[in-house]
Amino acid sequence: MSRTALRICPLCEATCGLTLTLEGTRVTGARGDRDDVFSKGFVCPKGASFGAADSDPDRLRTPLVRRDGELREATWEEAFDAVAAGLRPVVERHGPHAVGVVLGNPNVHTMAGALYPPLLLAGLRTHSVFTASTLDQMPKHVSSGLLYGDAGAIPVPDLDRTGHLLLIGANPLESNGSLCTAPDFPGKLKALRARGGTLTVIDPRRTRTARLADRHIAIRPGTDALLLAAMVHVLFEEDLVDLGDLAPHVQGMGDLAAEARHFTPEAASAACGVEADTIRGLARALAAAPTAAVYARIGTCTVPHGTLASWLVDVLNILTGNLDRPGGVLFPLSATGRSPRPAGPGRGFALGRWHSRVRRHPEAKGELPIAALAEEIDTATDEGSPVRAVIAVAANPVLSAPDGDRLDKALGALDFMVSVDPYLNETSRHAHVVLPPPPPSQAAHFDFAFNSLAVRNQVRYTRAAVQQEPGLMAETEIHARLILAATGLHGAAPDTVDAMVVEQTLGRAVTEAHSPVHGRDPRELAARLGGENGPERRLDMMLRLGPYGDGFGARPDGLTLEKLLAHPHGIDLGPLGPRLPQPLKTPSGKVELLPGPIADDLPRLRRALGERAAGLVLVGRRHLRSNNSWLHNVPALTGGSNRCTLHLHPDDAERLGLADGAQVRVGGAGGAVTAPVEVTDGILPGVVSLPHGWGHDRPGTRMSHAALHPGVNVNQLLDGSLLDPLSGNAVLNGIPVELTPVATN
Ligand SMILES: Nc1nc2c(c(=O)[nH]1)N[C@H]1C(S)=C(S)[C@@H](COP(=O)(O)OP(=O)(O)OC[C@H]3O[C@@H](n4cnc5c(=O)[nH]c(N)nc54)[C@H](O)[C@@H]3O)O[C@H]1N2
Ligand SMILES: Nc1nc2c(c(=O)[nH]1)N[C@H]1C(S)=C(S)[C@@H](COP(=O)(O)OP(=O)(O)OC[C@H]3O[C@@H](n4cnc5c(=O)[nH]c(N)nc54)[C@H](O)[C@@H]3O)O[C@H]1N2
Ligand code: SF4
Ligand SMILES: [Mo]
């Protein structure tokens with residue numbers, strides 16, 4: 001007998017609601033949940049393959065513990081004993097910074113990853129924190145931190161209502177969107193055009209998104225900040241700046257105008273490979289549109305001027321009055337966000353409160369660049385201990401971060417490593433203990449991160465679709481036990497972690513004047529919490545304290561977990577609305593248009609006006625049926641065009657004597673890889689493209705399907721030295737490479 005169950009898809013940022021078909025405990029099908037208040041039935045091929053990913057026979061089903069050099073199956077008790085025995089001596093002998101914590105992308109797609117890592121970091125007090133953010137969106141956090149005083153305040157394009165979308169370095173037709181949670185992003189772009197709006201795409205490749213657009217502008221990789229600065233120049237020069245309702249909330253216009261003078265379209269044109277008139281036209285169109293949104297992603301973040309480009313995106317939205325207005329870009333209001341405090345000056349955002357040990361990279365948002373992880377492990381300095389133990393949660397930096405070969409060696413030489421990961425892969429194979437979470441059908445789901453990036457305010461929660469298999473442990477419990485083992489409390493009940501958070505959070509809330517529970521007794525509030533387990537009680541608490549919450553009875557119609565459970569397809573909370581000045585936490589209480597660290601970095605951008613890459617440069621690409629490094633083991637998702645090939649323009653192919661299908665050696669600063677050529681005129685001459693997340697040919701892994709078509713690791717071309725200085729984000733796009741034909745017989 002089959003039955004169905006609802007499950008929010010964890011495979012990308014779109015967070016679609018799925019209806020799973022189940023035979024016993026096995027997921028045999030997945031389709032879009034038509035009644036989902038947000039995704040309304042949308043599903044992509046990845047979501048439709050949820051069952052195949054969920055039931056992958058290579059998923060680990062017991063913990064592994066290294067004995068006599070080999071990873072062997074063990075009980076949970078043995079595994080956590082080994083974690084405590086491995087980590088504590090490192091902390092005690094070498095101090096907290098000797099323990100590195102590496103957090104990967106799927107942490108933003110699990111409840112465990114949202115609720116527990118902050119406690120692990122607070123408990124360990126290590127500065128050695130490395131996450132996928134420094135391969136991704138750290139420039140946007142830094143830009144938001146500096147502009148708005150809050151690194152988490154990221155405005156999202158109002159896709160459903162905008163009249164003009166300028167989309168830069170993003171390919172939502174493959175990625176389904178990022179820092180802009182929008183189920184059916186492709187449909188929303190089509191709807192934009194159907195209602196008479198315009199879509200402009202800036203990308204060195206003619207992507208599927210670019211083909212959908214009114215206009216595609218093929219830019220030289222790594223030069224978006226110059227183009228955007230030139231657009232700012234035009235707005236000032238042609239008197240097109242119009243702050244509208246934003247005017248009272250913005251400071252620093254004069255200084256910004258003065259800086260913008262240097263970036264004429266004529267000066268930027270050659271570096272960008274875009275005509276000056278085209279740049280002027282882009283600025284004029286943006287200013288003329290009744291509503292407009294500039295939206296940029298990976299292609300603008302993972303470049304040498306990532307923070308400046310991210311900042312300029314917001315500057316353009318601000319100067320055209322499109323920040324915080326419907327149809328422009330707006331700040332979502334998430335149901336589990338803190339209840340908004342009254343508007344007013346805040347503490348602002350600090351950068352560089354500490355530095356990495358080896359190359360003195362400044363921290364950003366409490367993190368060090370993951371590109372520096374290998375050197376922080378393998379290089380001794382006079383100052384402090386190298387990283388000697390690593391806790392890796394949902395992370396595969398051997399493939400995702402620069403110079404995997406060096407990192408591979410460094411991880412192999414650690415005193416101790418623990419991975420929380422369902423797979424034995426390129427990274428977890430170095431662990432002394434592997435703690436596997438259950439497959440997603442057996443986990444509850446709530447999107448703590450993506451609700452604060454969603455194009456519509458809404459809230460949804462799905463409990464586990466399938467009962468947890470005997471022998472497995474919920475990932476939330478794995479995290480709680482890991483925290484206890486790492487902080488010297490090994491053996492305490494995992495519930496104590498959640499109870500402590502509840503006590504502290506409620507204890508603080510009752511002292512805050514603006515809180516709906518101000519002045520109440522935290523124990524009385526804690527006793528009222530619903531939920532079947534620790535994580536659910538915490539979710540109930542966050543919902544009830546949040547902006548739509550019931551305030552523990554203060555607003556009886558408000559949200560609670562109980563109410564959410566009564567709405568299995570979610571609760572719509574309406575379109576995004578203006579929120580300024582409340583989200584601002586800058587010292588001035590205003591949007592600070594030209595923050596100091598940005599101004600200090602602008603001379604570097606001015607120098608870039610005169611720089612040209614001499615040879616070929618490489619960019620990445622994503623495929624709809626892929627997800628970074630970990631879905632290549634699902635046969636249903638690896639056929640067809642989802643292949644690790646080098647895209648090359650016909651002119652370059654001819655010049656280099658490379659035919660379609662030929663093997664080519666691609667060399668970069670960090671090493672070389674050999675891949676088959678795919679000749680395509682969908683890429684700018686002088687630019688080549690390889691996808692990331694491939695290279696599944698290392699021994700000691702257990703991903704049998706991925707190993708059949710391993711591909712190559714594009715990040716081996718990098719040596720980890722190229723970073724955006726303000727954010728520490730790795731430069732992954734626009735990197736210089738050399739091609740050499742490989743002789744075949
Ligand atoms: N060249 C190049 N490199 C890139 C990028 C690029 O565009 N170009 N993109 C970068 C970006 S944006 C990102 S986010 C990073 C991602 O890089 P990582 O953060 O390393 O993420 P993944 O490669 O997705 O690996 C995720 C790991 O989590 C495991 N996992 C999957 N599901 C779960 C789960 O439910 N729980 C737990 N505990 N583990 C799970 C997987 O088995 C895998 O080991 O890659 C970056 N690397
Ligand atoms: N199918 C699938 N979906 C995914 C993922 C996946 O791996 N596969 N990963 C998820 C993750 S972790 C993330 S962060 C998001 C990322 O979401 P997106 O940012 O939409 O990711 P990409 O598809 O890599 O799009 C980046 C685009 O930037 C272009 N580009 C490269 N360099 C430059 C440049 O210098 N300037 C400009 N203007 N463009 C440039 C590339 O050609 C590419 O088309 O996707 C998420 N969704
Ligand atoms: S678009 Fe993303 S969230 Fe939606 S079904 Fe596909 S992978 Fe899942
Ligand atoms: Mo990402």
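All ligand and atom numbering here is 1-based and tracks the order in the structure. All figures in this text were calculated on a predicted structure; none of them were measured in a lab.
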Would you mind running through ligand 2 and noting each atom that sits below 4.0 Å from a heavy atom of [X]?
{"X": "Asp224", "value": "34 (C), 35 (O), 36 (N), 37 (C), 38 (N)"}
{"X": "Asp136", "value": "14 (S)"}
{"X": "Gly222", "value": "34 (C), 35 (O)"}
{"X": "Thr207", "value": "44 (O)"}
{"X": "Arg297", "value": "14 (S), 19 (O)"}
{"X": "Pro204", "value": "30 (N), 33 (C), 37 (C), 39 (N), 40 (C)"}
{"X": "Asn733", "value": "31 (C), 32 (N)"}
{"X": "His623", "value": "1 (N), 2 (C), 8 (N)"}

Using a 4.0 Å heavy-atom cut-off, say whether [X] meets ligand 1 through its side chain, its backbone, both or neither.
{"X": "Ile298", "result": "side chain"}
{"X": "His109", "result": "neither"}
{"X": "Gln137", "result": "neither"}
{"X": "Thr110", "result": "side chain"}
{"X": "Asn425", "result": "side chain"}

Of all the atoms in ligand 1, which lie at a distance below 4.0 Å from a heavy atom belonging to [X]?
{"X": "Leu732", "answer": "2 (C), 3 (N), 4 (C), 5 (C), 6 (C), 8 (N)"}
{"X": "Pro437", "answer": "36 (N), 37 (C), 38 (N)"}
{"X": "Val420", "answer": "37 (C), 38 (N), 39 (N)"}
{"X": "Val714", "answer": "1 (N)"}
{"X": "Ala132", "answer": "14 (S), 19 (O)"}
{"X": "Gly104", "answer": "19 (O)"}

How does [X] reach ligand 2, by side chain, by backbone, by both or by neither, if only non-hydrogen atoms under 4.0 Å count?
{"X": "Lys46", "value": "side chain"}
{"X": "Ile219", "value": "side chain"}
{"X": "Asn628", "value": "both"}
{"X": "Val619", "value": "side chain"}
{"X": "Asn105", "value": "side chain"}
{"X": "Ser178", "value": "side chain"}

How far apart are the C-alpha atoms of Leu624 and Asn176, what are their side-chain angles, what is the distance that settles it, and do they pass the side chain to side chain contact (heavy atoms under 4.5 Å, CB included) test?
CA-CA 8 Å; Leu624 181 58; Asn176 273 304; 3.5 Å; yes
Out of curiosity, is Ala394 lining ligand 1, as in a heavy atom under 4.0 Å away?
yes
Looking at ligand 1, is there an atom of it that comes within less than 4.0 Å of some heavy atom belonging to Ala395?
yes
Side-chain (Asp697) to main-chain (Pro710) donor-acceptor, under 3.5 angstrom
no
Would you mind checking which non-hydrogen protein atom is closest to [atom], with the distance to 0.1 Å?
{"atom": "atom 9 (N) of ligand 1", "answer": "Arg622 NH2, 3.1 Å"}
{"atom": "atom 10 (C) of ligand 1", "answer": "Leu135 O, 3.4 Å"}
{"atom": "atom 1 (N) of ligand 1", "answer": "Asn715 OD1, 2.8 Å"}
{"atom": "atom 6 (C) of ligand 1", "answer": "His692 ND1, 3.3 Å"}
{"atom": "atom 45 (O) of ligand 1", "answer": "Ser400 CB, 3.5 Å"}
{"atom": "atom 30 (N) of ligand 1", "answer": "Pro422 CD, 3.6 Å"}
{"atom": "atom 34 (C) of ligand 1", "answer": "Glu475 OE1, 3.8 Å"}
{"atom": "atom 42 (O) of ligand 1", "answer": "Asp421 OD1, 2.7 Å"}

Test salt bridge (charged side-chain N to carboxylate O under 4.0 Å, His left out) on Arg429 and Asp408; report intermediate values, then the result.
CA-CA 10 Å; Arg429 76 192 183 104; Asp408 196 52; 2.8 Å; yes
Tell me whether Glu275 at atom CD has more than 12 heavy atoms from other residues, nucleotides or ligands lying less than 6.0 Å away.
no
Asn633 and its side-chain hydrogen bond (donor to acceptor under 3.5 Å, both in side chains) partner, picked from Asn425, Thr701, Asp56
Asp56
Scan Asn642, Asn171, Asn628, Thr207 and name whichever one has a side-chain hydrogen bond (donor to acceptor under 3.5 Å, both in side chains) with Arg622.
Asn628
Can you tell me if Arg698 and Thr427 form a side-chain donor-acceptor pair at under 3.5 Å?
no
His632 side chain to Ser626 side chain, donor-acceptor N/O pair below 3.5 angstrom:
yes
Looking only at non-hydrogen atoms, the one of Pro402, Ser629, Pro10 nearest atom 25 (O) of ligand 1 is Ser629
Out of Ile202, Thr300, Asp203, Leu618, indicate the one that has the non-hydrogen atom closest to atom 29 (C) of ligand 2.
Asp203
Does Asp314 form a salt bridge (charged side-chain N to carboxylate O under 4.0 Å, His left out) with Lys140? I'd like the steps, not just the answer.
CA-CA 10 Å; Asp314 283 36; Lys140 197 75 211 171; 2.6 Å; yes
Show the numbers, then the answer: is there a side chain to side chain donor-acceptor pair (under 3.5 Å) between Thr638 and His709?
CA-CA 9 Å; Thr638 51; His709 304 281; over 6 Å; no
Does any N or O atom in Arg621 lie less than 3.5 angstrom from one in ligand 2, N or O only?
no
Side chain to side chain donor-acceptor pair (under 3.5 Å) between Asn396 and Tyr423: does it pass, once the steps are laid out?
CA-CA 10 Å; Asn396 192 8; Tyr423 285 107; over 6 Å; no
